[in-house]
Amino acid sequence: MPKLRVGVIGTGSIGDVHLMGYKALPKLVTIQALCDPTAQRLAAMAEKYGVSKEHCYRHHESMLANEELEAVSGCVPNAYHYPIAMKTV
């Protein structure tokens, strides 16, 4: 069975919870890409979860355009849920 390729938009506290969950399922999930506008937080989370620099983005549009993802967690403030979710479909 192939692993589900996931991306996470937003690497703050909620993003970290999603990433912990994905990391707990190594036979089922590959954390493919991360996105966060804060460079330091993005770099720290990439290191913590083993995501290579070339799969880290500061803008979600770039991540969605450049990665082949099968699932995306939108871990952003509530006001951004809808616009980001609509770009993932």
Side-chain angles (χ1 to χ4, degrees):
M1 171 185 242
K3 293 182 181 182
L4 186 68
R5 294 182 309 264
V6 301
V8 176
I9 301 171
T11 59
S13 59
I14 299 302
D16 194 23
V17 171
H18 283 238
L19 288 161
M20 283 189 279
Y22 293 140
K23 189 170 182 156
L25 302 168
K27 293 182 181 180
L28 301 174
V29 175
T30 297
I31 302 169
Q32 180 75 27
L34 299 178
C35 175
D36 197 284
T38 306
Q40 296 89 349
R41 185 168 54 209
L42 180 59
M45 296 302 267
E47 183 177 339
K48 181 177 180 178
Y49 291 102
V51 177
S52 63
K53 189 176 185 178
E54 54 269 0
H55 295 285
C56 292
Y57 300 88
R58 300 279 302 281
H59 303 282
H60 66 278
E61 293 94 345
S62 298
M63 184 183 88
L64 297 172
N66 292 302
E67 299 287 341
E68 290 188 31
L69 302 171
E70 297 161 316
V72 176
S73 287
C75 303
V76 297
N78 290 342
Y80 300 107
H81 285 175
Y82 179 79
I84 287 175
M86 293 308 293
K87 291 180 181 181
T88 67
V89 294

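Please read these numbers as outputs of a predicted model, since none were measured by experiment. Just so it is clear, the values below take in all heavy atoms, side chains as well, and ignore hydrogens, waters and symmetry mates. Positions are given from 1 along the sequence.
Environment of CD in E54: crowded, with over 12 heavy atoms of neighbouring residues, nucleotides or ligands closer than 6.0 Å. Around the CD1 atom of I84, the shell of radius 6.0 Å holds more than 12 heavy atoms that belong to other residues, nucleotides or ligands.
V51 and L4 fall within the same hydrophobic cluster, defined by Ile, Leu, Val, Met, Phe, Trp and Tyr side-chain heavy atoms under 4.5 Å apart, directly or through other members. In the hydrophobic cluster analysis, where Ile, Leu, Val, Met, Phe, Trp and Tyr join through side-chain heavy atoms closer than 4.5 angstrom, V8 is grouped together with L42. In the hydrophobic clustering of this structure, L69 does not group with L28; members are Ile, Leu, Val, Met, Phe, Trp, Tyr whose side-chain heavy atoms approach within less than 4.5 Å, directly or through other members. Hydrophobic clustering (ILVMFWY, side-chain heavy atoms < 4.5 Å, transitive): V17 and V72 are in distinct clusters. When hydrophobic clusters are built by joining Ile, Leu, Val, Met, Phe, Trp and Tyr residues whose side-chain heavy atoms come closer than 4.5 Å, directly or via intermediates, M45 is not grouped with I9.
A donor-acceptor pair shorter than 3.5 Å cannot be found between the side chains of T11 and Y49.
Note that the CD atom of E61 and the NZ atom of K87 stand 4.0 Å from one another [nearest 0.5 Å]. In this structure, CG in N66 is found 12.5 Å from NE2 in H59, a value given to the nearest 0.5 Å.
Nearest heavy-atom pair, T38 versus D36, reported as atom, atom and distance to 0.1 Å: N-OD1, 2.8 Å. Scanning both residues, C35 and H60, for their nearest heavy atoms gives SG-N, 3.3 Å.
Listed for the Q32 side chain is no donor-acceptor partner under 3.5 Å among the backbone atoms of G7. A donor-acceptor distance shorter than 3.5 angstrom exists from the side chain of H81 to the backbone of V76, with no hydrogens or angles considered.
The closest side-chain heavy-atom distance from K48 to D16 is below 4.5 Å. In this structure, the side chains of L19 and L34 come closer than 4.5 Å at one or more pairs of heavy atoms.
By the salt bridge (charged side-chain N to carboxylate O under 4.0 Å, His left out) test, K23 pairs with no residue at all, sequence neighbours left out.
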